[in-house]
Structures are given as structure tokens and as C-alpha cells.
Participant: 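Okay, here's the structure, questions in a sec.
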Amino acid sequence: MAETAKLLLPSLGDVDSAEVVQVLVQAGENLAEGQVVALVESEKATLEVPAPAAGTVLSVQIALGDQIKEGDCLLEYSASTASQSAQQPAPQPAPQAAQQPASQAAQQSAPQAAQQSASQAAQQPAQQPARPGTAVYAGPAVRRLARQLGVDLRQVTGTGIKSRIQAEDLHQWVRDRLAGATGSALPKTPFPDLSKHGPTQRVPLGRISQVAARRLHASWVNIPHVTQHDLAVADALEALRKELKPEAKRREVSLTPLPFLLRACAEALVDFPLLRSALEPGGEALIRRDSYHIGLAVDTPDGLLVPVLRDVRTKDIWQLAEECGTLAAKARQGGLTPDDMSGGVFTISSLGGIGGTAFTPIINPPEVAVLGVSKMQTRLVRDAEGDFADELLLPLSLSYDHRVINGAEAARFTGHLAGILGEPRRLL
Ligand code: CAO
């Protein structure tokens, strides 16, 4: 038999009060036992308040921003079995993305999103509907910042582990909106109804692809890219690689041109500090970076990832070959940590194992340059005696931030790099 019960705020431990940051139910809704009805945030943590029993919500007694304390009534509900005095579950820390399995996150997301309160929905700008079926994973500081900025976190894409929203994601979201508001955003491209022209299928993009797309777009529209193409004579490199193949086999590493490229770039960057610098936001100063951490673009089934090899100058070709293999495998298995992908001063994107003659890689900010590498090709040249001979060439495509680097500097860099690659034994 149904009886009216009250859901009271259980003990908050050693904290007196907490703020209501999300109300996840409204009057008239059915409640499941254990369903999260509200998120409250104290100085110490964000907590989920679960329903102690199944029933129907009769009235919600709290609103966003309320300060509540132990014993305050959150809602009245008609409980089919238990009364309010029945064992009330303690509030649970809100899911921390790093601690939560993806399946669990998915289970929680649907009910939470379906139960967003009307007041919250009202905060959504008309053109920016909240992402349905999406739970918000963010720490207290980020939630507080979002409230101060008036941002509904359901609209923000988290780039942390398991989509946890970081402060930087929030800042980026605000920057994107400001760019739109000031009219500097690009005109929208029309998106017609494609199904009119034949069968279509909507394929949702994974998180990695979405984040990569957002970052690539931001880089492309914010940084004036120029690409300098050059060719490095690679006969000596290929001869050396061939010579070292038995040793590579013995060591069980794949000795592609990449470790040589990494080491050669690190050496070239020593003499070109501009290419390992960063431009301060606002463009008033350059940050000189005296480290040689180099990112490596890796093509994975989920999208493009850029793990970073640390201190490339201090590592030999064999260490670099091994590390390339390890990081590429980790990227493809979805095992990279945020640390694995941060701190780079320069990036290499190699399509040499696939094909093509040249391309325009996109800069990975805050870096100011990225080297694209294409497949080696042979050309006929005349030697000193006037005879024709084959020459093996490695195509290099350096995209650079033209606010920081001018064309002459870029051409000098690729020339210098080609020179280093032309004498690969010095890299051993
Ligand atoms: N010219 C000729 N052959 C090349 C070459 C080049 N520039 N670069 C690599 N190769 C050869 C390798 O030597 C290897 O052959 P062998 O086994 O006979 O030596 C073969 O191509 C395959 O190499 P690979 O691609 O597996 O290995 P890699 O070290 O060159 O690259 C990695 C590793 C992780 C960078 C690569 O697998 C990858 O993901 N590339 C794609 C990166 C990407 O998508 N960039 C685009 C970003 S912009 O959208």
C-alpha cells in the first residue's frame, strides 16, 4: 500500500551544509529504488542522493543553489513499501570518471538525463540543447566554475579520462561561444537533408574522434598555417636501415625511418628555438621551451591520437624505435593517459608507411610547428660524370604558425633537417 514519505538529506559527515547543484527528478515522476534524485556539493565533495525506495515523486522541496543540511527534506514521495524512516542510503560521492567503469557510467547516464529538472532545462540556450543521455562527470571546482559562468555542463564535452570535464574544457566551451557571439565565427555551412538523395545511416562519432575534430578545427581556424615542402636525400638512411635490420630483428623492434626522424628533429630543434616555442595567448610573448619532447601522430581505429616521446635527444635509435612501438600499441588499445599525451614541443605525423607525396599536417597547439612525412620516392639524377643514377628522396612537409615563424626560417629548418637525415650514422 502506498504511503507518503519524505526523503531527508542524510549525514554529510563532518560538513555542515551543502549546495544543491542538480535536481534530477520532478513531481509526478516514478522513482526507482537507488535512483539518484539530486547532486549536492559540499566544500569537500559532490554527492549523489539516492532514493531509498521505489515510488512516485509528489513534490520536490529543493531548488538549484539551495544550501541544505542534514535532515532537510529533499522531496515527498509516495512509497509503495518503505516509509521515510526506513533505512535511507547514505549519499554517494558523485562518479569520478577515473574510478568508474564505462558501463556503469552508461547505466547512470540515461535516467539522469531523462530526469533533468525543468528549471535546468530553462537554462539551456534555445540553439544548444543539452546532450540527451549524458551524465556529467566533473569535480566540485569545475562545477562551481560552471555555475559562476552560467554554463550547463551537459553541453560541454569532457576531454578527461572517461569524458570527465576539466576546467580547460569549460574555458574552451566559453571561448567557442564568445567567438560565436562576437561574430568572428565562420559562417555555418548548410546541411541539407541527405536522405532525399539516397539511403543514409547516422553513425555517432566516438569521444576521441569528437575531441580530435574539435581540436583540429580550433587549430586550423586560430593559427595561420603555412606548409613548407622539402625533400631529404635518403639513400644513406635506407642503406643504414638495411644494415641494421638483423640487429632490429634480434632486438625485436621495428626499425622504420621514424626513430631516425625523431632523433633528427630533436637535433634540428636545438638550432631552431623558435620551432620549439609557444605563443602566449594574446600574442604578446613567446615562451621558449628547452625540452625535446616530441609528439607522434598515431592513427587508431577510434581516431587520431598524439602520444609524446620524452627527451628524444637523450635516447638512441633503438630506445626510440621501441618507444614508438609501445606508444603506438598503447594508443591503439585505448591505454594512453593524459600524461602520455602532454608536454610535446613539436609533432611528427608520418604517412610514409601508407603513401602520398606531400600533405598539410595541422599544428598541435600550443606547439607552433608539425612535420609531415610522406612515402619515399626515387628520382633520376645525373651524377658528376653526367650518368643517370637513382636517388631516394624522403618528402618532408613542415606546417608552421606564421605568427611565430617566417618562411625563411621554415625553409632553413627543413634544409637543416634534410642535412641531418643525409648523414644518419651521426644519429646512432
Ligand atoms: N617511406 C617509405 N617507407 C616508409 C616510410 C617512408 N617515409 N615510413 C615508414 N615506411 C615503411 C616502414 O619502414 C615499414 O616498412 P618495413 O617494415 O619494411 O620497414 C612500413 O612503411 C610500415 O611502417 P609503419 O607505418 O607501420 O611504421 P612507422 O614507424 O612509419 O609509423 C606510426 C608508425 C604510428 C606513425 C604509423 O603507424 C601511423 O599511425 N601513421 C599514421 C599517422 C597519421 O595518421 N598521420 C596523419 C595525421 S594528419 O591527419
Side-chain angles (χ1 to χ4, degrees), residues 208-209 211-220 223 225 227 229-249 251-265 294-309 312 315 317-336 340-341 344 346-365 367 369-379 390-399 414 417-418 421-422 424:
I208 292 175
S209 297
V211 172
R214 209 183 70 196
R215 289 188 174 161
L216 289 166
H217 186 208
S219 170
W220 189 249
I223 300 175
H225 283 65
T227 305
H229 299 287
D230 211 336
L231 294 165
V233 177
D235 294 291
L237 174 63
E238 280 308 90
L240 179 59
R241 232 171 40 92
K242 203 171 167 189
E243 185 185 316
L244 295 174
K245 279 263 163 158
E247 174 69 2
K249 199 171 173 193
R251 292 176 181 250
E252 297 181 349
V253 292
S254 167
L255 191 64
T256 68
L258 202 52
F260 294 92
L261 277 158
L262 280 158
R263 194 57 213 273
C265 283
I294 298 185
L296 173 65
V298 179
D299 182 33
T300 81
D302 297 325
L304 190 67
L305 286 171
V306 187
V308 174
L309 288 94
V312 172
K315 292 179 179 161
I317 295 300
W318 299 112
Q319 284 170 298
L320 294 172
E322 195 177 328
E323 222 174 296
C324 284
T326 313
L327 282 176
K330 210 170 164 187
R332 287 175 180 140
Q333 288 154 10
L336 291 176
D340 288 332
M341 292 187 279
F346 184 84
T347 293
I348 297 179
S349 175
S350 173
L351 294 175
I354 302 170
T357 53
F359 67 107
T360 307
I362 296 182
I363 295 165
N364 186 17
E367 297 164 21
V370 51
L371 182 75
V373 181
S374 299
K375 195 175 178 69
M376 288 181 211
Q377 47 194 267
T378 44
R379 76 173 168 194
D390 277 354
E391 189 175 58
L392 196 55
L393 297 169
L394 177 66
L396 307 173
S397 304
L398 180 84
S399 289
T414 55
L417 179 61
L421 288 166

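Here, residue 1 is the first one in the sequence, and each next residue gets the next number. In listed order, ligands and their atoms are each counted from 1.
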Participant: Would you check whether Pro361 reaches within less than 4.0 Å of ligand 1, judged by its heavy atoms?
Facilitator: no

Participant: Of the side chain and backbone of Leu351, name the one, both, or neither that has a heavy atom under 4.0 Å from an atom of ligand 1.
Facilitator: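 The part of Leu351 near ligand 1 is the side chain, not the backbone.
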
Participant: Is ligand 1 under 4.0 Å from a heavy atom in the side chain of Ser374, in the backbone, in both, or in neither?
Facilitator: backbone

Participant: Please round to the nearest 0.5 Å and tell me the distance separating atom CE of Met376 and atom CG of Leu394.
Facilitator: 5.0 Å

Participant: Return yes when atom CZ of Arg215 has more than 12 non-hydrogen atoms of other residues, nucleotides or ligands closer than 6.0 Å, and no otherwise.
Facilitator: no

Participant: Closer than 4.0 Å to some heavy atom of Ser350 - which atoms of ligand 1 meet that?
Facilitator: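 Within the 4.0 Å cut-off of Ser350, ligand 1 contributes 40 (N), 41 (C), 42 (C).
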
Participant: Counting heavy atoms only, which of Ser399, Gly372, Gly352 is nearest atom 4 (C) of ligand 1?
Facilitator: Gly352

Participant: Below 4.0 Å, non-hydrogen atoms only: which portion of Glu238 touches ligand 1? Side chain, backbone, both or neither.
Facilitator: neither

Participant: At a 4.0 Å cut-off, with the gap strictly under it, does some heavy atom of Ala297 reach an atom of ligand 1?
Facilitator: yes

Participant: Return yes if some donor-acceptor pair links the side-chain N/O of Arg241 with the main-chain N/O of Leu255 below 3.5 Å, else return no.
Facilitator: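 Flag set: sc Arg241 to bb Leu255 pair under 3.5 Å.
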
Participant: Considering only heavy atoms, does Gln377 approach ligand 1 within less than 4.0 Å through its side chain, its backbone, both, or neither?
Facilitator: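 For Gln377, there is no contact with ligand 1 at all, from either part.
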
Participant: Of the backbone atoms (N, CA, C, O) and the side-chain heavy atoms from C-beta on, which set of Leu258 has a member under 4.0 Å from an atom of ligand 1: side chain, backbone, both, or neither?
Facilitator: side chain

Participant: For atom 47 (C) of ligand 1, which of Ser349, Gly356, Ala212 has the closest heavy atom?
Facilitator: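 Nearest heavy atom to atom 47 (C) of ligand 1 lies in Ser349.
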
Participant: Would Lys245 count as a contact of ligand 1 if the rule is a heavy atom under 4.0 Å away?
Facilitator: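 Yes, Lys245 has heavy atoms under 4.0 Å from ligand 1.
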
Participant: Quick test: of every protein heavy atom, which one is nearest to atom 20 (C) of ligand 1, and how far off is it to 0.1 Å?
Facilitator: Gly353 CA, 4.2 Å

